[in-house]
Amino acid sequence: MAYWLVILGKLQLAALILLVSSFLQQHFANGQPLQVPCFFIFGDSLSDNGNNNNLKTTANSNYQPYGIDFPKGRPTGRFTNGRNLLDFIAEELGFPEDSIPPYAKLATVGPVEKALKGVNYASGAAGILNESGRTRGDRIPMNEQLTNHQKTVSRIINKLGKKNATQLLNKCIYSVAIGTNDYINNYFLPQFYPASRIYTPSQYAEILLRKLSQQLRTLHRRKARKVVVYGLGLLGCIPYEVKMYGANISGCVDKINEAVMLFNNGLKSLVSDLNNNHTINATFIFINSTGISLTSSPGSITVSNAACCQVSEASAPQCIRSGKTCSNRTQYAFWDEAHPTEAAYSATAARAYRALLPTDSYPFDIQRLAQL
């Protein structure tokens, strides 16, 4: 009898160790606790981590030299040399590296357990408007990303029950970084899209904001209560746009930056309106990507007007397959002619998570949002 009591005790101890280990893995990563239980990501190529890999599209980065600085030096579908903006934000929130899977790997057949800590729905060339980016081929616009999220939410409800699923999803952070392609792959591509001949920049910004407002409200109906909305960066300073339009005295394409500023100002106002709407009962924050860019210390980044990787006329704005790269990658702002380097993403993410200046975010930063 004593022998079996000893065996039983050892089994109970083993079970306890397993339970504690599971708890620690669930609540701690990178030496710090998880600040939120899950992280859902919506957007375009600045956030995409592999959703475009198997699509028929030129907006595809699942080839070398993309990913050269990612663990194991392999391409993943990220449009940069290493980690992207949302990878850094996820790590700041305590998630292990590369732990938020692309929706394409889960879809409706992957185990729902893998979606409980979040999903990345972002797609290169995607826009707020369905038609944006269509010249690049297949992509997953914001509306379709929301449809995919609804499928995920339904599966989580089926797994956990409505009450537990709602409690979980209300605590997650939701990232929305989209709109770039509505400008560079729509409004400022007049040979393929009529928008700039029909609408003034102010009118077009209003159209985008009205549509995005509807999309954010849809996200809210799908249990989102902590939402990060990113303003657009200085799109007129992207090397590819400068090459297409020519630079003004500023070194950038001023008309593009001026149009984007109308959108950004409206987006901050939209966030304020949503927060003041007492029927919504959620918190939205605005990340001032342009403001962060304009007030950043150059640090190690000294080259901001050229791509680090080799780009041809046929491949532009992306790297050519297995092409050459610069050796001093931490000194470049742009990896190809449209997307930032890991170093540039890291600098932006640090201030999006923990604001350095009051203008970096509104009404507060991601760190505080996680604490709510």
Side-chain angles (χ1 to χ4, degrees), residues 44-46 48 52 57-61 63-66 68 78-81 84-85 124-127 132-137 139 178-197 201 204 232-264 289-290 293-294 296 298 301-345 347-348:
D44 51 34
S45 56
L46 301 183
D48 190 350
N52 276 24
T57 178
T58 58
N60 183 303
S61 59
Y63 60 89
Q64 295 179 339
Y66 289 97
I68 190 172
R78 290 167 171 83
F79 290 73
T80 187
N81 57 309
N84 65 25
L85 178 67
S132 295
R134 62 174 165 75
T135 55
R136 302 297 304 275
R139 70 261 175 248
I178 200 160
T180 293
N181 291 296
D182 297 290
Y183 282 98
I184 66 174
N185 278 311
N186 188 328
Y187 194 77
F188 287 104
L189 213 57
Q191 62 271 44
F192 297 110
Y193 300 92
S196 61
R197 297 191 295 274
Y204 188 66
L232 303 183
L234 292 165
L235 304 185
C237 300
I238 292 173
Y240 184 67
E241 298 303 311
V242 172
K243 188 167 69 175
M244 279 182 63
Y245 286 97
N248 296 108
I249 296 174
S250 64
C252 301
V253 185
D254 291 347
K255 67 177 182 179
I256 296 180
N257 284 340
E258 288 163 4
V260 166
M261 191 57 65
L262 293 171
F263 174 82
N264 284 341
S289 303
T290 289
S293 227
L294 290 172
S296 286
I301 296 177
T302 57
V303 182
S304 60
N305 61 353
C308 174
C309 74
Q310 187 179 3
V311 177
S312 71
E313 190 171 332
S315 74
Q318 292 176 221
C319 309
I320 65 172
R321 290 180 179 271
S322 302
K324 297 176 181 178
T325 66
C326 62
S327 58
N328 51 339
R329 293 187 286 276
T330 59
Q331 295 178 14
Y332 274 69
F334 289 96
W335 170 242
D336 57 20
E337 289 187 336
H339 303 98
T341 55
E342 180 182 71
Y345 279 133
T348 301

Min side-chain heavy-atom separation I68-W335 under 4.5 Å = yes

Taking side-chain hydrogen bond (donor to acceptor under 3.5 Å, both in side chains) as the test, write out the residues that go with S250, two or more places apart.
-> D254

For the atom pair OG1 (T80) and CG (L85), what is the distance rounded to the nearest 0.5 Å?
-> 10.5 Å

Ignoring hydrogens and geometry, is there a side-chain-to-backbone donor-acceptor pair from T325 to C308 under 3.5 Å?
-> no

According to the interplanar angle, ranging from 0 to 90°, do the rings of H339 and F79 count as parallel (below 30°), tilted (30 to 60°) or perpendicular (above 60°)?
-> tilted

If you draw a 6.0 Å radius around CD in Q310, do more than 12 non-hydrogen atoms from other residues or ligands fall strictly inside?
-> yes

Mind checking the CE-CG spacing from M261 to L234? Nearest 0.5 Å is all I need.
-> 7.0 Å

Indicate yes or no for a side-chain donor-acceptor contact from Y204 to the backbone of Y183 under 3.5 Å, with no hydrogens or angles considered.
-> no

Got E337 and E241 here, is their nearest side-chain heavy-atom distance under 4.5 Å?
-> no

Reported CG-to-CD1 distance for the pair D44 and I178, which is rounded to 0.5 angstrom = 5.5 Å

Counting distance only, does the side-chain N/O of T330 pair as donor-acceptor with the main-chain N or O of A343 below 3.5 Å?
-> no

When rounded to the nearest 0.5 Å, the distance separating CD of Q318 from OG of S312 is 10.5 Å

Starting at CD1 of I256, measure out to CG of L232 and round the result to the nearest 0.5 Å.
-> 12.0 Å

Using atom types as modelled and distance alone, determine if a side-chain donor or acceptor of R136 lies under 3.5 Å from a backbone N or O of T58.
-> yes

Backbone of I320 reached by a side-chain donor or acceptor of Y63 within 3.5 Å | no

Separation of S289 OG from N264 CG (nearest 0.5 Å) = 7.0 Å

Under 3.5 Å, sequence neighbours excluded: what are the donor-acceptor pairs made by side chains of residues 184-192?
residue: N185; atom: ND2; partner: N181; partner atom: OD1; Å: 2.7
residue: N186; atom: ND2; partner: S132; partner atom: OG; Å: 2.9
residue: Y187; atom: OH; partner: Y199; partner atom: O; Å: 2.7

Would you tell me whether C309 and C326 have their SG atoms within less than 2.5 Å of each other?
-> no

Between the main-chain N or O of Y345 and the side-chain N or O of N84, is there a donor-acceptor pair closer than 3.5 Å?
-> no

